[in-house]
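Here's the structure, in C-alpha cells; my notes come after.
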2 protein chains.
Amino acid sequence: MTRSLTAKGAQTRRRIVLGAAAELRERGVDAVRLEDVMARTGTSKSQLFHYFPDGKEALLLAVARQEADQVLADQEPYLSELTSWAAWQGWRDLLVERYVAQGDRCPLGGLLGEAGRRAPAAKAVLTDLMDRWQAALAAGIRHMQAAHEIPPAVDAACAAAGLLAGIQGGVLLLTSTGRTEFLESALDLGIEGLRRGA
Amino acid sequence: MTRSLTAKGAQTRRRIVLGAAAELRERGVDAVRLEDVMARTGTSKSQLFHYFPDGKEALLLAVARQEADQVLADQEPYLSELTSWAAWQGWRDLLVERYVAQGDRCPLGGLLGEAGRRAPAAKAVLTDLMDRWQAALAAGIRHMQAAHEIPPAVDAACAAAGLLAGIQGGVLLLTSTGRTEFLESALDLGIEGLRRGA
DNA sequence: ACACGGCTGGACTTGCGGGTCCATTTTTCC
DNA sequence: GGAAAAATGGACCCGCAAGTCCAGCCGTGT
C-alpha cells in the first residue's frame, strides 16, 4: 500500500494495529478512542495519522483485516483437515473453548452488528471472511462424503451455511447472555445433523 | 413508573418511543441522535428529557423493551402453536419473509452486538427475550414429542437453544452480507434435525 | 375563574474526541 | 557528511451531540 516505510516505521505501524486490535476487543468498535490507542501503543496522534492518513476508519479497517485472518487461523489445524469425525469434534471443542475464554469480547462482533453500514469496506472484509469460512466447512463436508461418512444427498454448501449461522448466533448469544449452551447446542446439532444426513 | 401523565402527555411519550424505534432501525444504535428523534416526532429536546429524565440511555431502553415484545409478537400466530409440521413450516416461512423484508435493519441487532456492555439494563432485556423465545420453541418441540412426531430422546431445551442460535446467526449474516441462505439453511437444517431426532 | 402542575419551545453550555499543523528529531541514501 | 525524506511530539482547532435552563403555554380540577 504505502511505499517508503522504514523498518522502524513498519514496526510502529504494526504496533499501532495490534494495540488498536486489543483496544477494539476490550472496548468495542465505536467505543474505541484514538486516545486509548495512543496510550496503549505509546504513540502520538500525529503518528496515527501519519500511518493512517484516512484516520480512524482506515485504521479500524486494517484491524478488521488482521482479525479476520486471525479468526480462521485460530481454528487450525482442524479447520483445514476436517477429514474424520475426530477432527470435527476437535474443531468443535476448540471453537467452544476459544470463544468461552474470550468471554464477551468478540473481535469482529461489533463490525457484524451494524458498523458495517457506515463502513462498506469493513463489510466486504466480513463477507469475505464468511465466504472463506463457509468454503472450509463445505470442503470438510465433501471430504466426509467422499469417505462415505456423510450421505451424498447432503448439500455441502447449504449445510455449511447453516452450521456457520449456528456458530455466529451461538457466539453472539454467548457474548450477550454469557451462556454457552447456544453455541454448544448449535455445534452439536449441526454435526449430528451431518451424520444423519439432515 | 411515571405517574401523573396527562392523556396528551402519554400520547407524546408514546410518539417519542415509536419514533425513536424507527430511527433506531434505520440508523443503528449508536448512530441515533436525539436530534433525529426530535425531527421525526416533531418534539423538542425539553420534551425528550421531560419524559426520559435519564436521557438517551433510558429512552433507548424503553425502545428496546418495545422492540423485544414486538419480535415475539411478529411470530404469531405460529410461535405459540407449533403443534404440527405445517405450523413449523409456516413459522419458518414467516420468519424468513419478515427478516428479508427488513433488509439490513435489525431492531435489536445493534443491542446484541456490544451496546449491552455499557448498558446492562438493555442486556437484561435481551436475555429475557431470548429466554422467552427459547421457551416458546421448547414448548413447541414438546408438543410434537407428545404427538410422537419428534423422538422423545431429543432434549427440547438444547434443541431450542441450537435452533435459536441458528436464527440469530442467520439474521446477523443476512444483515451483514445480504444473503438469505444462512438463515434459510439454519432453519431448514434445524427443523429437519428435529424430525430425525438429532 | 384561577391557580397549580404538567407540557412545550428554544437558546445555551459543556465535554468529548477526531482531525490539523508545524517544529523537531531521526533515519536513509548518495 | 549532508541533504532529503520519514518519524515523532504536542499544541491547537472544530464540530457535534448530549444535557441544562428558564420562560411561556395549556388543560385540568375545585
Side-chain angles (χ1 to χ4, degrees), chain A residues 1-21 23-24 26-64 110 114-115 117-119 121-122, chain B residues 1-20 22-24 26-64 110 114-115 117-119 121-122:
Chain A
M1 274 261 5
T2 48
R3 242 359 2 115
S4 65
L5 260 190
T6 301
K8 188 181 182 185
Q11 184 186 339
T12 301
R13 191 194 141 100
R14 177 176 169 75
R15 184 159 39 100
I16 290 175
V17 172
L18 258 35
E23 209 65 32
L24 187 89
E26 288 184 12
R27 312 183 74 101
V29 189
D30 18 50
V32 179
R33 289 166 300 185
L34 260 30
E35 193 185 344
D36 298 326
V37 179
M38 288 159 54
R40 176 184 286 259
T41 61
T43 51
S44 66
K45 193 164 282 189
S46 54
Q47 282 170 289
L48 260 49
F49 281 87
H50 179 70
Y51 295 105
F52 299 93
D54 292 336
K56 191 180 184 181
E57 190 170 318
L59 169 58
L60 258 26
L61 183 59
V63 172
E114 56 186 27
R117 209 175 309 175
R118 18 177 217 203
Chain B
M1 351 213 347
T2 50
R3 61 232 158 290
S4 66
L5 262 190
T6 302
K8 188 181 181 184
Q11 184 187 340
T12 301
R13 190 195 141 101
R14 178 176 169 74
R15 185 158 41 100
I16 291 174
V17 172
L18 259 36
E23 209 64 33
L24 187 89
E26 289 184 11
R27 311 182 75 101
V29 187
D30 19 49
V32 177
R33 289 167 300 186
L34 259 31
E35 193 184 344
D36 299 326
V37 178
M38 289 161 54
R40 177 184 287 258
T41 61
T43 52
S44 66
K45 194 163 279 188
S46 54
Q47 282 169 290
L48 258 49
F49 282 87
H50 179 70
Y51 294 104
F52 300 93
D54 292 336
K56 191 180 183 179
E57 190 171 319
L59 169 58
L60 257 26
L61 184 60
V63 172
E114 57 186 27
R117 209 176 307 175
R118 13 175 220 204

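- Side-chain N/O atoms of A/S4 include one lying less than 4.0 angstrom from OP1 or OP2 on D/dA6.
- Regarding B/H50, its NE2 atom lies at a distance of 15 Å from the C1' atom of D/dA23, rounded to whole Å.
- For B/Q47 and D/dT20, the CD to C1' distance is 16 Å, given to the nearest whole Å.
- Between the side chain of A/K45 and the main chain of A/L34, no donor-acceptor pair closer than 3.5 Å is present.
- Across the protein-nucleic acid pair, A/L48 atom CG and D/dG10 atom C1' stand 14 Å apart, rounded to whole Å.
- Residues A/T43 and A/Y51 have side chains not in contact (no heavy-atom distance under 4.5 Å, counting atoms from C-beta outward).
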Checklist outcome for this item: Per-nucleotide protein contact along nucleotides 12-30 of chain C, 5' to 3', at a 4.0 Å heavy-atom cut-off (B base, S sugar-phosphate only, - neither), is -----SBBBB----SSS--
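- One distance of note links CG of A/L5 with CZ of A/R14; it measures 13.5 Å at 0.5 Å rounding.
- Applying side chain to side chain contact (heavy atoms under 4.5 Å, CB included) to A/R33 and the options A/M38, A/K56, A/R27 leaves one that passes, A/R27.
- For the OP1/OP2 pair of D/dA6 and a distance below 4.0 Å, the side-chain nitrogens and oxygens of A/Y51 include no atom meeting the criterion.
- Scanning for salt bridge (charged side-chain N to carboxylate O under 4.0 Å, His left out) contacts around B/E26 gives B/R40, with sequence neighbours left out.
- In this structure, the separation between CD on A/Q47 and OG1 on A/T41 is 7.5 Å, given to the nearest 0.5 Å.
- Here D/dA6 presents its P atom at 9 Å from CG of A/L5, a figure rounded to the nearest Å.
- Rounded to a whole Å, the CE atom of A/M38 is 10 Å from the P atom of D/dG9.
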